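One structure is given here, and the rest of the page talks about it.
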Amino acid sequence: MSIFGNKSIVVRRVFAEDSDSELLMIKEAILTYPFLSIDIEFPGTIFKPGKQVIREGNPVINYHYMKSNVDTLQIIQLGLSLSDAQSNLLDFDFPFSYIWEFNFRDFDINRDHYASDSIELFKHQGIDFEKNKEKGIDSKDFAKTFWDYGLVFNSYGLKSIT
């Protein structure tokens, strides 16, 4: 059971070999489900402000820390869902709804920076870092294909709700 009604959610786990076909499916679906939600997973937070900086809550400084982490760390996954104006998730007329989990090859646990607690959480959640490294999507290829398929800055009326 999901929070989006009584339909169960099926996660479509996507690797390099099926990335194009899944993005094409998404391109066709956004005509009916134009609201896009994205969640990006990085290997934790390695640059953290001190307690005094946190108490001050300066948005410029907070942005600097967030940007530093994103610029330094490699992407692990991108989660994506589509919904209509009534918040119904894409269902392809089946009794369950679909969301996507795109797995990337960019992160190498033996080479890249990460926060140990985040990696342990990802492992506990079932992320297979070796499989991602071997079969994952190259993020640069994904970004280009995402752009080429018109999934950003398109004329379909796609709406971002992230």
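Atom set for the values below is all heavy atoms of this structure, side chains included, hydrogens, waters and symmetry mates excluded. Since we're looking at a predicted model, the values are computed, not measured.
Ring geometry for Phe96 versus Phe94: interplanar angle under 30°, hence parallel rather than tilted (30 to 60°).
Note: Leu82 CG to Ile38 CD1 = 9.5 Å, rounded to the nearest 0.5 Å. Note: Phe15 CZ to Lys131 NZ = 4.0 Å, rounded to the nearest 0.5 Å. To the nearest 0.5 angstrom, Ile9 atom CD1 is 8.5 Å from Ser81 atom OG. Atom-to-atom distance recorded for Asn69:CG and His113:NE2 is 11.0 Å, nearest 0.5 angstrom. Of the inter-residue distances, the one linking Ser87 atom OG with Phe35 atom CZ reads 8.0 Å to the nearest 0.5 angstrom. The CG atom of Asp18 lies 9.0 Å from the CE atom of Met25; values are rounded to the nearest 0.5 Å.
Linking ILVMFWY side-chain heavy atoms closer than 4.5 Å, directly or via other members, places Leu121 and Ile40 in two distinct hydrophobic clusters. Residues Leu78 and Leu24 share a single hydrophobic cluster, defined by chaining ILVMFWY side chains whose heavy atoms lie under 4.5 Å apart. Following chains of ILVMFWY side-chain contacts shorter than 4.5 Å, one can reach Val10 starting from Leu80, so the two form part of one hydrophobic cluster. Side-chain heavy atoms closer than 4.5 Å link hydrophobic residues (I, L, V, M, F, W, Y) into clusters, and following such links, even through other members, never connects Ile127 to Val11. Hydrophobic clustering of Ile, Leu, Val, Met, Phe, Trp and Tyr side chains at less than 4.5 Å, counting indirect connections, keeps Leu73 apart from Phe122.
Minimum interatomic distance between Ser118 and Gly44 (heavy atoms only, all atoms of both residues): OG-CA, 3.0 Å. Across Gly136 and Ala16, no two heavy atoms sit closer than the pair O-CB, 3.4 Å. Taking each heavy atom of Val14 and Ile137 in turn, the nearest pair found is O-CD1, 3.9 Å. When all heavy atoms of Ala115 and Ile46 are compared, the closest pair comes out as N-CG2, 4.1 Å. Pro43 and Ile119 make their closest contact through CB-CD1, 3.9 Å (heavy atoms, listed as atom of the first residue, atom of the second, distance). Considering every non-hydrogen atom in both Pro34 and Asp84, the closest pair reads CD-CA, 4.3 Å.
Counting heavy atoms from C-beta on, the side chains of Asp91 and Lys7 come closer than 4.5 Å. Between Gln74 and Asp108 the shortest side-chain heavy-atom distance does not fall below 4.5 Å. For the pair Tyr98/Ile26, no side-chain contact is recorded, criterion being any heavy-atom separation below 4.5 Å from C-beta on. Glu120 places none of its side-chain heavy atoms less than 4.5 Å from the side chain of Ser116.
In this view, Phe129 and Phe107 satisfy the ring pair (Phe, Tyr, Trp, His ring centres under 6.0 Å) rule, not counting sequence neighbours.
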Under the side chain to side chain contact (heavy atoms under 4.5 Å, CB included) rule, what do Lys123 and Ile109 come out as? Steps first, then yes or no, please.
CA-CA 12 Å; Lys123 287 179 179 178; Ile109 200 164; 4.1 Å; yes
Apply ring pair (Phe, Tyr, Trp, His ring centres under 6.0 Å) to Phe104 and Phe102, showing your working.
CA-CA 7 Å; Phe104 295 95; Phe102 291 89; 7.1 Å; no
Step-by-step side chain to side chain contact (heavy atoms under 4.5 Å, CB included) determination, Trp100 to Leu90:
CA-CA 11 Å; Trp100 284 265; Leu90 175 66; 3.2 Å; yes
Report the C-alpha separation of Phe42 and Ile75 in whole Å, then their side-chain angles, then the decisive distance to 0.1 Å, and conclude whether the side chain to side chain contact (heavy atoms under 4.5 Å, CB included) test is met.
CA-CA 5 Å; Phe42 287 93; Ile75 187 171; 4.1 Å; yes
Check step by step if side chain to side chain contact (heavy atoms under 4.5 Å, CB included) holds for Asp20 and Tyr149.
CA-CA 9 Å; Asp20 282 338; Tyr149 282 2; 3.8 Å; yes
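Of the candidates Glu41, Glu101, Arg13, Glu101 is the only one forming a side chain to side chain donor-acceptor pair (under 3.5 Å) with Gln77.
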Show me the donor-acceptor pairs, under 3.5 Å and distance only, between side chains in residues 48-55 and residues at least two apart or in other chains.
{"from": "Gln52", "atom 1": "OE1", "to": "Arg55", "atom 2": "NH2", "distance (Å)": "3.3"}
{"from": "Gln52", "atom 1": "NE2", "to": "Glu56", "atom 2": "OE2", "distance (Å)": "3.2"}

Taking distance alone, no hydrogens or angles, what donor-acceptor pairs closer than 3.5 Å link side-chain atoms of residues 138-146 to residues at least two apart or in another chain?
{"from": "Asp138", "atom 1": "OD1", "to": "Lys140", "atom 2": "N", "distance (Å)": "2.9"}
{"from": "Asp138", "atom 1": "OD1", "to": "Asp141", "atom 2": "N", "distance (Å)": "3.2"}
{"from": "Ser139", "atom 1": "OG", "to": "Asp106", "atom 2": "OD2", "distance (Å)": "2.4"}
{"from": "Lys144", "atom 1": "NZ", "to": "Asp148", "atom 2": "OD2", "distance (Å)": "2.6"}
{"from": "Thr145", "atom 1": "OG1", "to": "Asp141", "atom 2": "O", "distance (Å)": "2.9"}

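Classification of Arg12 and Glu22 as a salt-bridged pair holds, one side-chain N sitting under 4.0 Å from a carboxylate O.
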